[in-house]
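Right, one structure below, let's go through it.
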Amino acid sequence: MSKNIFINPPFNYTGSKYKLLPQILPEFDYSKKLMVDLFTGGGSVMYNCIDKFEVIIANDIIKPLMNIHYMMLTRPEYLIKRTKQVCALIKNKHSYNKVRQIFNDHNSHPALLWALMLTCNSNMIRFNYQMKFNQTCGLRNWNSSTDKKVFKLLEHLKKQKINIKCISREFYNVPIEWDELKKIINLDIDIKKAFYYIDPPYSNTHAGYNCFWTKKHDIDLYEYILKLNDYGHTFCLSGILHHNNKESILLTNLIKHGFNVVEIDADYNKVQNIKRGKVPEIIIKNF
């Protein structure tokens, strides 16, 4: 499968799974009508699953980021226009810092966040422990590459019957019980089990977007996943088992529990099933 067939969203995000989509998507459970993307991030998985599930619940703790997705799905022209306007105002470090300060003080329009993502250093989103955007100014802005990504995403969305529900919650507040899930989707689906895709921040790596993720979060997510499994949902989790001699508590515990493990090849060309073993990037699932 060539990565060229996949949609690369215009929302640059550290930890994006776009390059791994040819390996990750074949591992999903498409027998379910409902998918829950527990850590949506830049949306590379969500946008490429629109045609594969009847409903998708997209969640991320960063509310302005989820507002970007919501507006892209509901009012894309308005979001794009406003974001371009903000980008045009960012001409140097001073103007960038001013926009960043306005965003952090007022948690305002999602166009501000998207503009910051496009103009910040390395075009990568970063928040501090207080959930304030703290990435420094970069050298880029809205450009031809952004135009191409936006055009391809909009064309993709036009072809699909979109039913995505955007929410912003801590992962442990995303429901497992069917009655609570139905309140979010507000639809009557005749199957009471869902598929959860889980791509959490990694406590064993050092990236700006995961500074607020701790080892306790790993433990809490492990317990949450066990509840998913006990309830009868299916899940697929992606992560890094080892990084700089640091082991992922979450992944290690899930492997010990006996869930299925799939190794992601470093050359991004194939996927190989394994029973155990210490590998850098892996997928863990319960089906």
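Just so you know, these numbers use all the heavy atoms, side chains as well, and skip hydrogens, waters and symmetry mates. Model, not experiment: these values are computed from the prediction.
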Could you report the tightest heavy-atom contact between Leu21 and Ser44, atom names first, then the distance?
CD1-O, 3.8 Å
Stepwise side-chain contact (heavy atoms from CB on, under 4.5 Å) test for Leu113 and Phe11
CA-CA 10 Å; Leu113 176 58; Phe11 317 114; over 6 Å; no
When rounded to the nearest 0.5 angstrom, what is the spacing between CE in Met117 and OG in Ser122?
13.0 Å
Are Asp147 and Ser144 linked by a side-chain donor-acceptor pair shorter than 3.5 Å?
no
Donor-acceptor pair, Ser16 side chain versus Tyr13 backbone, under 3.5 Å?
no
Would a 4.5 Å heavy-atom cut-off, applied to side chains only, mark Pro64 and Phe133 as touching?
no
Would you say Ser95's side chain and Asn92's backbone share a donor-acceptor pair under 3.5 angstrom?
yes
Check: Leu251 main-chain N/O paired with Ser248 side-chain donor or acceptor under 3.5 Å
yes
Give every donor-acceptor pair under 3.5 Å between a side-chain atom in residues 174-184 and any protein atom, sequence neighbours left out.
| from | atom 1 | to | atom 2 | distance (Å) |
| --- | --- | --- | --- | --- |
| Glu180 | OE2 | Lys183 | NZ | 3.2 |

ILVMFWY network linking Leu118 to Leu89, side-chain heavy atoms under 4.5 angstrom
no
Across all chains, not counting sequence neighbours, the salt bridge (charged side-chain N to carboxylate O under 4.0 Å, His left out) partners of Lys216 are Asp220
Do Ile284 and Asn260 have side chains that approach each other closer than 4.5 Å (heavy atoms only, starting at C-beta)?
no
So do the side chains of Ile56 and Asn163 get within less than 4.5 Å of each other, counting heavy atoms only?
no
Taking the side chain as C-beta and beyond, is there a heavy-atom pair between Asn97 and Lys93 under 4.5 Å?
yes
For side-chain contact (heavy atoms from CB on, under 4.5 Å), just list the numbers for Lys215 and Ile219, CA-CA rounded to whole Å, side-chain angles, deciding distance to a tenth of an Å, and then say yes or no.
CA-CA 7 Å; Lys215 291 182 178 180; Ile219 296 172; 5.6 Å; no
Quick one: list whatever passes salt bridge (charged side-chain N to carboxylate O under 4.0 Å, His left out) with Lys33, sequence neighbours left out.
Asp190
Name all pairs fulfilling the salt bridge (charged side-chain N to carboxylate O under 4.0 Å, His left out) condition that reach into residues 52-65, sequence neighbours left out, sorted by first residue then second.
none
Report the residues that fulfil side-chain contact (heavy atoms from CB on, under 4.5 Å) with Asn143, sequence neighbours left out, ordered by chain and then residue number.
Ser145, Thr146
Applying side-chain contact (heavy atoms from CB on, under 4.5 Å), name anything that partners Asn286, two or more places apart in sequence or on another chain.
Asn229, Thr234, Phe235, Phe259
Can you check whether Val36's main-chain N or O pairs, donor with acceptor, with Asn59's side chain at less than 3.5 Å?
no
Approximate separation, where rounding is to 0.5 Å, of Lys132 NZ and Arg100 CZ
12.0 Å
As an exercise, state the distance from CG of Asn121 to OG1 of Thr136, rounded to the nearest 0.5 Å.
4.0 Å
Note, Tyr96 side chain near Leu116 side chain (heavy atom, < 4.5 Å):
yes
Minimum heavy-atom distance Arg169-Asn173, with the two atoms named
NH1-O, 3.2 Å
Just to verify, what does Tyr30 make a ring pair (Phe, Tyr, Trp, His ring centres under 6.0 Å) with, not counting sequence neighbours?
Phe53
Report the C-alpha separation of Phe103 and His109 in whole Å, then their side-chain angles, then the decisive distance to 0.1 Å, and conclude whether the side-chain contact (heavy atoms from CB on, under 4.5 Å) test is met.
CA-CA 8 Å; Phe103 173 77; His109 201 282; over 6 Å; no
N/O donor-acceptor pair under 3.5 Å between Lys32 side chain and Asp29 backbone
no
Can you tell me how far apart CH2 (Trp114) and CG (Leu65) are? Round to the nearest 0.5 Å.
11.5 Å
Could you tell me whether the side chain of Ile282 reaches within less than 4.5 Å of the side chain of Ile255, counting heavy atoms only?
yes
Measure the CG-CG distance between Leu221 and Leu38 for me, rounded to the nearest 0.5 Å.
7.0 Å
Looking only at heavy atoms, the pair that brings Gln135 and Met124 closest together is NE2-O, 3.2 Å
Under a 4.5 Å cut-off applied to non-hydrogen side-chain atoms, are Ile50 and Ile162 in contact?
yes
Which heavy atom of Ala88 sits nearest to which heavy atom of Lys91, and what is that distance?
O-NZ, 3.2 Å
Restricting to pairs with a member in residues 151-175, which pass ring-ring contact (aromatic ring centres under 6.0 Å, His included), not counting sequence neighbours?
Phe39-Phe171, Phe171-Trp213, Phe171-Tyr224
State, to 0.1 Å, how close Arg82 and Ala111 come at their nearest heavy-atom pair, and which atoms those are.
CB-CB, 3.7 Å
Under the ring pair (Phe, Tyr, Trp, His ring centres under 6.0 Å) rule, collect the residues that match up with Tyr197, sequence neighbours excluded.
Phe28
Under a 3.5 Å distance rule, please check whether Arg126 uses its side chain to pair with a backbone N or O of Asn134 as donor and acceptor.
yes
Where is the tightest heavy-atom contact between Lys165 and Ile185, given as atom of each residue plus distance?
CE-O, 3.2 Å
Please lay out, stage by stage, how Leu34 and Phe195 fare under the test side-chain contact (heavy atoms from CB on, under 4.5 Å).
CA-CA 6 Å; Leu34 171 64; Phe195 166 69; over 6 Å; no
For Asp230, does the CG atom sit with more than 12 other heavy atoms under 6.0 Å from it, leaving out its own atoms?
yes
For Lys158, all residues meeting side-chain contact (heavy atoms from CB on, under 4.5 Å), sequence neighbours excluded
Glu155
When you measure from the side chain of His233 to the backbone of Ala194, do you find a donor-acceptor pair of N or O atoms at a distance under 3.5 Å?
yes
Find out if a path of hydrophobic residues (ILVMFWY) with successive side-chain heavy-atom gaps under 4.5 Å connects Ile5 to Tyr18.
yes
How many angstroms lie between atom OG of Ser31 and atom CZ of Phe287, to the nearest 0.5 angstrom?
8.0 Å
side-chain contact (heavy atoms from CB on, under 4.5 Å) against Asn123, all qualifying residues, sequence neighbours excluded:
Asn12, Arg140
Please report, to 0.1 Å, the donor-acceptor pairs under 3.5 Å made by any side chain of residues 66-77, with sequence neighbours excluded.
| from | atom 1 | to | atom 2 | distance (Å) |
| --- | --- | --- | --- | --- |
| His69 | ND1 | Tyr47 | OH | 2.8 |
| His69 | NE2 | Gly41 | O | 2.8 |
| Thr74 | OG1 | Tyr70 | O | 2.7 |

Close side-chain approach of Ser238 to Lys17, heavy-atom, < 4.5 Å
yes
